[in-house]
Number of protein chains: 2
Amino acid sequence: MISKKTKYALKALVFLARHYDRGPILIADLAREEAIPKKFLEAILVALKNNGVLQSKKGKGGGYYLSRHPNSITFGQAIRIMEGPIALVPCVSETSYAKCTECGSELTCGIRAVMKEVRDATAKILDGTTLADVLERIANAEQAQRGALDFSI
Amino acid sequence: MISKKTKYALKALVFLARHYDRGPILIADLAREEAIPKKFLEAILVALKNNGVLQSKKGKGGGYYLSRHPNSITFGQAIRIMEGPIALVPCVSETSYAKCTECGSELTCGIRAVMKEVRDATAKILDGTTLADVLERIANAEQAQRGALDFSI
DNA sequence: TCAAAGTCTACTAAATCGATGGACTAACTA
DNA sequence: TAGTTAGTCCATCGATTTAGTAGACTTTGA
């Protein structure tokens with residue numbers, strides 16, 4: 001399970017992607033719209049900023065905004081920032097490899113082999129999904145829902 | 001990342017699978033062989049037992065053993081027992097679904113759609129990998145390593 | 001009956017999670 | 001330049017989880 005912090009981060013990013021052309025978004029607005037505790041959200045946004053995903057502007061007219069286009073920010077990036085490596089064991093992480101302290105040969109570790117498969121499958125999905133992709137999916141789902149509604153009338 | 005507890009559990013299960021025909025295995029032996037703190041291992045084995053994966057025998061000649069053949073115990077089962085649901089968000093869990101408290105429509109939730117993909121990919125691997133499969137992989141890897149060694153002579 | 005071996009309850013230290021409060025600083029604007 | 005707006009930094013908090021440890025208790029086989 002991902003933490004609430006990570007989930008809030010994803011929600012915030014999707015929200016900022018949706019309002020990409022509107023300039024800086026206030027923490028307060030984001031917190032209200034996505035029902036995230038304001039002070040908690042603040043820490044999340046700082047982390048995303050420190051890792052190059054967001055930028056901010058102080059003072060009146062300030063707020064947070066994506067530092068890149070929604071089509072070049074992925075769920076994988078966000079999750080690694082908030083949650084750490086995607087891998088289930090350190091010895092199969094591509095972005096922050098570490099030897100499993102208690103293990104012998106990696107070549108013949110059965111657990112490692114399985115965990116590597118899981119990591120690769122997960123990373124493929126998360127690194128292949130951009131904020132723009134998610135917006136598109138949401139739009140399609142809403143479209144489909146409206147279609148279903150038409151039939152029910 | 002999975003917890004050490006879960007990793008210990010997987011190691012213990014693989015070990016018990018390797019010694020499947022040897023009758024009950026002592027906690028002490030398992031702890032020593034796999035370098036797991038004995039008292040900690042005890043709690044892990046109890047959890048696996050309470051969930052039907054292991055059986056035990058008390059007194060002299062006692063110990064722990066798999067309650068089913070290694071080809072019908074999967075990594076997925078073990079990980080769910082130790083770690084909880086495989087899904088990254090409760091609303092996509094098949095084995096212990098729960099509505100995400102802070103979410104609106106599941107049909108149009110972009111985060112959910114991605115997390116569902118990840119869950120399905122992960123579950124496919126973990127539920128498709130039995131202890132017997134892992135033993136076979138290990139044997140193959142050791143075989144390959146010996147082959148490589150021959151070349152290096 | 002004795003020793004072997006699992007079982008049960010309790011406890012600990014440290015880290016993480018999910019927040020919250022308040023002082024501080026940068027920037028815009030009247 | 002004063003005042004307001006809005007992000008920044010720091011500290012704290014209670015609850016839960018993680019990774020273990022200690023010890024008394026019960027079952028079982030010889």
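Just so it is clear: chains get the letters A, B, ... in the order the sequence lines come, proteins before strands, and each one is counted from 1. Basis for what follows: all heavy atoms, side chains included, without hydrogens, waters or symmetry-related copies.
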Can you pull the contact range of chain A along DNA chain D, 5' to 3', using atoms under 4.0 angstrom from its heavy atoms?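 Range of nucleotides within reach of chain A: dT5(D) to dC9(D).
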
Describe the nucleic acid contact of Ile27(A) in one word from base, sugar-phosphate, nothing, applying a heavy-atom distance below 4.0 Å.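 Result for Ile27(A) = sugar-phosphate.
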
Heavy atoms under 4.0 Å, any strand shown: does Lys7(B) hit a base, just sugar-phosphate, or nothing?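 Nothing, no nucleic acid heavy atom in range.
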
May I ask you to verify if any side-chain N or O of Tyr8(A) is less than 4.0 angstrom from the OP1 or OP2 atom of dA19(C)?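 Looking at the OP1 and OP2 atoms of dA19(C), one of them is under 4.0 Å from a side-chain N or O of Tyr8(A).
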
Tell me whether the side-chain N/O atoms of Ser56(B) come closer than 4.0 Å to OP1 or OP2 in dT7(C).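 Result: yes.
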
Quick one: [X] [atom1] to [N] [atom2], roughly how many Å, whole number?
X	N	atom1	atom2	answer
Leu45(B)	dC8(C)	CG	P	13 Å
Lys4(B)	dA15(C)	NZ	P	13 Å
Leu48(B)	dG6(C)	CG	P	14 Å
Lys49(B)	dG6(C)	NZ	C1'	8 Å
Leu54(B)	dG6(C)	CG	C1'	13 Å

Report all side-chain donor-acceptor pairs from residues 26-34 of chain B shorter than 3.5 Å, counting only partners two or more places apart or in another chain.
from: Asp29(B); atom 1: OD1; to: Arg32(B); atom 2: NH2; distance (Å): 2.5

If you take any heavy atom closer than 4.0 Å to DNA chain C, which residues from residues 33-44 of chain B end up in contact?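 Close to the strand are Lys39(B), Glu42(B).
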
Near DNA chain C, under 4.0 Å by heavy atom, which residues of residues 76-99 of chain B?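 Heavy-atom contacts with DNA chain C come from no residue of residues 76-99 of chain B; none.
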
Considering residues at least two apart in sequence or located in another chain, which fulfil the salt bridge (Lys or Arg N to Asp or Glu O under 4.0 Å) criterion with Lys116(A)?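 Residues passing salt bridge (Lys or Arg N to Asp or Glu O under 4.0 Å) with Lys116(A): Glu94(A), Asp120(A).
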
Got a sec, which residues hit salt bridge (Lys or Arg N to Asp or Glu O under 4.0 Å) with Asp133(B), two or more places apart in sequence or on another chain?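 Asp133(B): no salt bridge (Lys or Arg N to Asp or Glu O under 4.0 Å) contacts found.
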
Work out which heavy atom in Ala141(A) is nearest to a heavy atom in Leu107(B); give both atom names and the distance.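 Scanning both residues, the minimum pair turns out to be CB-O, 3.4 Å.
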
For Ala43(A), enumerate each residue passing the side-chain contact (heavy atoms from CB on, under 4.5 Å) test, keeping only those at least two apart in sequence or located in another chain.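 For Ala43(A) there are no side-chain contact (heavy atoms from CB on, under 4.5 Å) partners, ignoring immediate neighbours.
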
Please enumerate all residues that pass side-chain hydrogen bond (donor to acceptor under 3.5 Å, both in side chains) together with Arg119(B), with sequence neighbours excluded.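 Expected list: none.
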
Residues which pass ring pair (Phe, Tyr, Trp, His ring centres under 6.0 Å) with Tyr20(B), listed by chain and number, not counting sequence neighbours: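 Result, ring pair (Phe, Tyr, Trp, His ring centres under 6.0 Å) vs Tyr20(B): His69(B).
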
Quick one, give me the B/S/- string for nucleotides 25-30 of chain C, reading 5' to 3', where B means a protein heavy atom under 4.0 Å from the base and S means that only happens at the primed atoms, P, OP1 or OP2. BSSSS-

Considering only distance and modelled atom types, tabulate donor-acceptor pairs under 3.5 Å from the side chains of residues 49-61 of chain B, sequence neighbours left out.
from: Lys49(B); atom 1: NZ; to: Ser56(B); atom 2: OG; distance (Å): 3.0
from: Asn50(B); atom 1: ND2; to: Val46(B); atom 2: O; distance (Å): 3.4
from: Asn51(B); atom 1: ND2; to: Ala47(B); atom 2: O; distance (Å): 2.8

Output side-chain donor-acceptor pairs under 3.5 Å for residues 6-18 of chain A, partner residues at least two apart or in another chain, one line each.
from: Thr6(A); atom 1: OG1; to: Ser3(A); atom 2: OG; distance (Å): 3.1
from: Thr6(A); atom 1: OG1; to: Glu83(A); atom 2: OE1; distance (Å): 2.3
from: Lys7(A); atom 1: NZ; to: Glu102(B); atom 2: OE2; distance (Å): 2.9
from: Lys11(A); atom 1: NZ; to: Glu102(B); atom 2: O; distance (Å): 3.1

